[in-house]
Amino acid sequence: MEHALPDIYVTTHDFERLSQLISHVRNDAADELEEELARAKIVPEFALPFAVVTMNSTVTFTDLESKKESKVTLVYPEYANVEEKKISVLAPIGIALIGLRLDEVIEWPVPSGHSRKLKVISIAQGMEQLA
């Protein structure tokens, strides 16, 4: 049984930059990100709902199965750095997190062939912590 995906929100600025990225990278990850953007509500930054994961957000989320909590910053591929916990928007977790709101859960396939249920538990944008 397939679960309904939560609504996602993307700022106009992020949408334009991510669309450019997709046009230059043709692989499965870019295709998945393109699918996510196709279902996103594109809004100007001032109209973004409270506590949404955007590019450069630092997100704390829980894997509901393992109960493991992780904290990552969502970045463009050229800034990805595993040691610094900077995750590319083209990584499976990055694609899953973009546009989610605080307390939302998404079930997302991972490279191992399984799915993970992720719940957003806090979002920091710049100096502002949203939890």
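For the numbers below, each heavy atom of this structure counts, side chains included, while hydrogens, waters and symmetry mates do not. Numbers here simply count residues along the sequence, with the first being 1.
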Are [X] and [Y] packed together at the side-chain level, in the sense that at least one heavy-atom pair is separated by less than 4.5 angstrom?
| X | Y | value |
| --- | --- | --- |
| Leu21 | Val89 | yes |
| Tyr76 | Leu90 | no |
| Leu100 | Pro6 | yes |
| Val10 | Glu36 | no |
| Arg101 | Asp7 | yes |
| Thr54 | Ser57 | yes |
| Lys119 | Asp103 | yes |
| Asn56 | Val75 | yes |

Test side-chain contact (heavy atoms from CB on, under 4.5 Å) on Leu97 and Val120; report intermediate values, then the result.
CA-CA 8 Å; Leu97 292 172; Val120 176; 4.2 Å; yes
Taking Val72's backbone N and O only, do any of them form a donor-acceptor pair with Thr58's side chain (distance below 3.5 Å, no angle check)?
no
Report yes or no: does Lys67 contribute a side-chain atom to a donor-acceptor pair with the main-chain N or O of Leu64 at less than 3.5 Å?
yes
Measure the [atom1]-[atom2] distance between [X] and [Y] for me, rounded to the nearest 0.5 Å.
| X | Y | atom1 | atom2 | value |
| --- | --- | --- | --- | --- |
| Thr62 | Ile121 | OG1 | CD1 | 3.5 Å |
| Glu32 | Ile22 | CD | CD1 | 11.0 Å |
| Phe61 | Ser122 | CZ | OG | 11.0 Å |
| Leu118 | Asp63 | CG | CG | 6.0 Å |

Among the clusters formed by ILVMFWY side chains lying less than 4.5 Å apart, do [X] and [Y] turn up in the same one?
| X | Y | answer |
| --- | --- | --- |
| Val25 | Leu18 | yes |
| Leu102 | Val105 | no |
| Ile95 | Phe15 | yes |

I'd like to know if Asp31 and Arg26 make a salt bridge, using a cut-off of under 4.0 Å between side-chain N and carboxylate O.
yes
[atom1] ([X]) with more than 12 external heavy atoms under 6.0 Å:
| X | atom1 | result |
| --- | --- | --- |
| Glu78 | CD | yes |
| Asn27 | CG | yes |
| Glu69 | CD | yes |

Taking all non-hydrogen atoms of both residues into account, name the closest pair between Lys71 and Lys85 and its distance.
O-CD, 3.3 Å
Identify the heavy atoms of Leu33 and Ile98 that sit nearest to each other, and give their distance.
CD1-CG2, 4.2 Å
